[in-house]
Amino acid sequence: MKPTFYITTPIYYVNGAPHIGHAYTSIAADVLARWKRLDGFDVFFLTGTDEHGQKVEKAAEAAGVAPQVFADRVSADFRDMAVQMGITNDDFIRTTEERHRRSCTALWQRLADRGQIYLDAYEGWYAVRDEAFYGEDELAKQPDGSFLAPTGAPVEWVREPSYFFKLSAWGDKLLELYESHPDFVGPMARRNEVLSFVKAGLTDISISRTSFSWGIKVPGDETHVMYVWLDALTNYITAMGYPDENAEKWRYWPADLHLVGKEIVRFHAIFWPAFLMAAGLPVPKRVYSHGWWTSEGEKMSKSIGNVIDPRALVEEFGLDAVRFFLLREVPFGGDGDFKRKALISRLNVELANDLGNLAQRSLSLIAKNCGGVLPGLGETTEDDQNLLAGADALTGEMRAKLDRLAFSEALEEAWKLIRAGNGYIDRQAPWALRKTDFPRMETVLRVLVDLLRAVATNLRPFMPASMGKMLDQLGVSAEARGFADLAQKLPAGVALPAPQGVFPRFVEE
RNA sequence: GGCGGCGUAGCUCAGCGGUAGAGCAGGGGAAUCAUAAUCCCUUGGUCGGCGGUUCAAAUCCGUCCGCCGCUACCA
């Protein structure tokens, strides 16, 4: 039986349209999901939308439609984005679905039964205009003694009944978790922040609201709806069948990896495991956060007009180039700057020149000189053996990097091999061997095919369509494209299709 | 204010105790199988400043300067 691997993106909040940040998280998760499938795992990959809360209620009102209608519309847009980005999620969960209401209700009940929830009042400085609470230190004192929110809105001290979760009781258990599972939160910088946050002492958190109604009703007290995070985080177990722990999918829980943006690390690395421990459920194995993208050196904003629309990018450059660029350009975990010039440079230099051209020159030599048939491997030299050893080692090298979520480094491993391939073909000059030592030429070309096959197979999770095309041209059958299949060498003599460029150069108009 | 991170070639970054590295960009040469793609060689850095520990410091410690993150219920 295959080992399971359960990976999630956050569920995206439907108060706005999908942008590059959402696409980035989804693509990273998708690469891992595809990688694990090729690596022999039974993968479950979840994404979806978060649809409750005051902001959605308000946005719907502004749009003049019912919240559900509004949520349906935006959720469908996120689903479309996932399709456009080539995301291979196994399920798409929506927090407005009945299965999720049932799951949240059951989790709440379970927490309540275990004495983890109590009714009190949430009080604080509230700005009616912003419909938000502010901390004392965020406020500006006015000459007349009143206070203003950072937004300039007047605030007043209000008191609202609310259910609380006993988060304060779980600090030590959380610290034990971080201690015994050093990889639980990553990257390191975020882990440190989480640690210092918990060490500073946790207070109980409010988990219900009475000030709006677009949410899941608290069981036994319908004047309250559950507050965002308890509702949202629960999606990860809803999709596994919760509360039915005999569900067929429950075997995937606990999740192997929650991929998140850095702004929601706290909720995933502190609140979520606390909720689960309090409920007596297993906690996820890992939470890993990535950074944010700026655009041409500036924060993305509608007013500057530099917001990057992932679907427009794909339209212009192609899906695989975009997927590749996002994971290649920036070390995962840190922030990145999206520069159009950098994307074009990566596309032309690394995809077209380094990889595409290597495949094209190797394959056209075969087409012209070997009658379009895959040559066999003759006697090998040390140069050949070194290259083949590099090809054989690639999966292992990349796996080690991807286990650390180091996407850019994993890709660098592939490019080291590709560069070595370009050095090799020049050194061996098969176009000269054609006249002097034909069998030697065949061996050289065969070494190149084996190298390209390893590269294309290992890069498939990143660039599924183009690497599929490359494998077609290399004569690799559709059933022999997993990592384990690389051990089985291609039979000599199979006919190869006419070579065709996989990555055309991008020329700016 | 407190806690944490970062500052290394023009650019993006790796190295984290033992004579400064990679990719891109720049310069020179070779080759012409290939998407005018490729290969080889090469210019370039007092590793943010100052002090200390050490036979030896980008690498450890202190301090200063400059950026950045976190500092609770805001996807």
Side-chain angles (χ1 to χ4, degrees), chain A residues 10-16 21-22 49-56 122 124 130-135 137-138 150-151 162 164-165 167 187-207 209 227-230 232-233 260-267 270-271 291 328-331 334-337 339 341-342 345-346 348-369 408-409 412 415-416 419 421-434 441 444-445 448 499-507:
Chain A
I11 44 174
Y12 303 118
Y13 202 54
V14 296
N15 68 337
H22 302 109
T49 45
D50 181 11
E51 307 183 12
H52 288 131
Q54 194 166 26
K55 285 192 178 178
V56 173
Y122 178 41
D130 301 339
E131 297 186 44
F133 283 90
Y134 291 99
D137 53 343
E138 293 179 274
T151 55
S162 171
F164 282 76
F165 169 70
L167 183 66
M188 201 53 88
R190 300 296 152 205
R191 180 184 143 85
N192 290 342
E193 288 174 7
V194 166
L195 238 62
S196 65
F197 186 92
V198 175
K199 279 181 183 159
L202 298 171
T203 61
D204 295 345
I205 52 169
S206 159
I207 52 169
R209 282 294 141 90
Y227 194 50
V228 284
W229 285 103
L230 183 63
L233 291 162
V260 300
K262 65 180 182 181
E263 73 283 10
I264 55 176
V265 169
R266 184 197 309 152
F267 305 103
I270 300 174
F271 294 3
R328 172 61 168 151
E329 182 71 0
V330 166
D335 291 344
D337 185 31
K339 292 194 191 74
K341 264 177 70 181
S345 168
R346 290 281 183 195
N348 284 343
V349 174
E350 296 191 332
L351 295 182
N353 297 354
D354 289 347
L355 176 54
N357 187 51
L358 177 63
Q360 183 69 8
R361 63 201 302 212
S362 305
L363 288 167
S364 67
L365 281 165
I366 292 175
K368 285 181 188 160
N369 302 301
S408 58
E409 292 178 35
E412 177 59 20
W415 255 261
K416 277 184 198 160
R419 286 185 213 113
N422 274 314
Y424 173 85
I425 194 171
D426 269 57
R427 213 157 45 234
Q428 299 296 335
W431 48 90
L433 290 170
R434 173 181 51 174
M441 178 205 73
V444 168
L445 293 176
L448 285 162
Q500 239 185 354
V502 173
F503 297 112
R505 288 178 62 80
F506 181 87
V507 183

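A note on names: the letters A, B, ... follow the listed sequences, proteins ahead of strands, and every chain is numbered from 1.
Rounding to whole angstrom units, CZ of residue A:Phe197 and P of B:rG5 are separated by 19 Å. Rounded to whole Å, the distance from CG on A:Asp335 to P on B:rC6 is 15 Å. For the pair A:Leu433 CG and B:rU32 P, the computed distance is 13 Å after rounding to whole Å. A straight line from CE of A:Met188 to P of B:rC70 spans 19 Å, rounded to a whole angstrom. One can place CD of A:Glu409 at 13 Å from P of B:rC13, the figure rounded to the nearest angstrom. Protein atom CG of A:Leu202 is 12 Å distant from nucleotide atom C1' of B:rC73, rounded to whole Å.
Straight-line distance between the C1' atoms of B:rU42 and B:rA9: roughly 14 Å, to the nearest whole Å. When the P atom is used for both B:rG49 and B:rC24, the distance is 28 Å, rounded to whole Å. A distance of about 26 Å separates the C1' atoms of B:rG5 and B:rG10, rounded to the whole Å. A gap of 45 Å separates the P atoms of B:rC41 and B:rG4, to the nearest Å. Spacing of P atoms, B:rA22 relative to B:rC61, comes out at 28 Å, to the nearest Å. Of the P atoms belonging to B:rU19 and B:rC11, the separation is 27 Å, rounded to the nearest Å.
With both pairing distances under 3.5 Å, B:rG44 is matched to nothing as a Watson-Crick or G-U wobble pair. Pair check for B:rA58 finds none; no Watson-Crick or G-U wobble contact set falls under 3.5 Å. Base pairing of B:rA75: no nucleotide in any strand meets the Watson-Crick or G-U wobble criterion (both distances under 3.5 Å). With both pairing distances under 3.5 Å, B:rC39 is matched to B:rG29 as a Watson-Crick or G-U wobble pair. The base-pairing partner of B:rG69, taking Watson-Crick or G-U wobble contacts with both distances under 3.5 Å, is B:rC3. Across the strands present, B:rC24 finds its partner in B:rG10; the criterion is a Watson-Crick or G-U wobble pair with both atom distances under 3.5 angstrom.
Residue contacts for A:Trp415: at a heavy-atom cut-off of 4.0 Å it reaches no nucleic acid atom on any strand shown. In this structure, A:Lys262 reaches neither bases nor backbone, as no heavy-atom distance under 4.0 Å exists between it and the strands shown. In this structure, A:Gly334 reaches neither bases nor backbone, as no heavy-atom distance under 4.0 Å exists between it and the strands shown. Here A:Asn192 lies in heavy-atom contact (under 4.0 Å) with sugar-phosphate atoms only. At the heavy-atom level, A:Tyr12 lies nowhere under 4.0 Å from the strands shown. When heavy atoms are screened at a 4.0 angstrom cut-off, A:Glu263 is found touching base atoms of the nucleic acid.
Taken to the nearest 0.5 Å, the CG atom of A:Asn422 stands 10.5 Å off from the CZ atom of A:Arg427. Note that the CZ atom of A:Phe165 and the CG atom of A:Asp204 stand 8.5 Å from one another [nearest 0.5 Å]. Rounding to the nearest 0.5 Å places CG of A:Leu195 at 10.0 Å from CE of A:Met188. Rounding to the nearest 0.5 Å gives a distance of 8.0 Å between CZ of A:Arg434 and NZ of A:Lys368. Here the straight-line distance linking atom CD of A:Glu350 with atom CD of A:Glu412 works out to 7.5 Å at 0.5 Å rounding.
Against the 90° criterion about 0, the sugar-base torsion of B:rA58 places it in the syn range.
A donor-acceptor pair under 3.5 Å is absent between the side-chain atoms of A:Tyr122 and the main chain of A:Ile205, judged by distance alone.
Where A:Ile205 and A:Ala189 meet RNA chain B, the nucleotide closest to each residue was compared, and A:Ala189 sits on the side nearer the 5' end. Residues A:Glu193 and A:Trp229 each lie close to RNA chain B; by heavy-atom proximity, the contact nearer the 5' end of the strand is made by A:Glu193.
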Expected list for residues 352-360 of chain A: side-chain donor-acceptor pairs under 3.5 angstrom, two or more places apart:
unit_1	atom_1	unit_2	atom_2	d
A:Asn353	OD1	A:Arg505	NH1	2.8
A:Asn353	ND2	A:Asn348	O	3.4

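The only option from A:Leu202, A:Asn192, A:Val265 that meets the side chain to side chain contact (heavy atoms under 4.5 Å, CB included) definition with A:Phe197 turns out to be A:Leu202.
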Contact pattern, 5' to 3', of nucleotides 33-40 of chain B - B, S or - by protein heavy atom under 4.0 Å: BBB-SBS-

What's the verdict on side-chain contact (heavy atoms from CB on, under 4.5 Å) for A:Ser362 and A:Ile425, showing C-alpha distance, side-chain angles and the deciding distance? CA-CA 8 Å; A:Ser362 305; A:Ile425 194 171; 4.0 Å; yes

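More than 12 heavy atoms of other residues, nucleotides or ligands lie within 6.0 Å of CD in A:Glu263, so this atom counts as buried by the packing criterion.
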Expected rows: protein N/O vs nucleotides 10-12 of chain B N/O, under 3.5 Å:
none

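Between A:Trp229 and A:Phe271, the gap from one ring centroid to the other reaches at least 6.0 Å.
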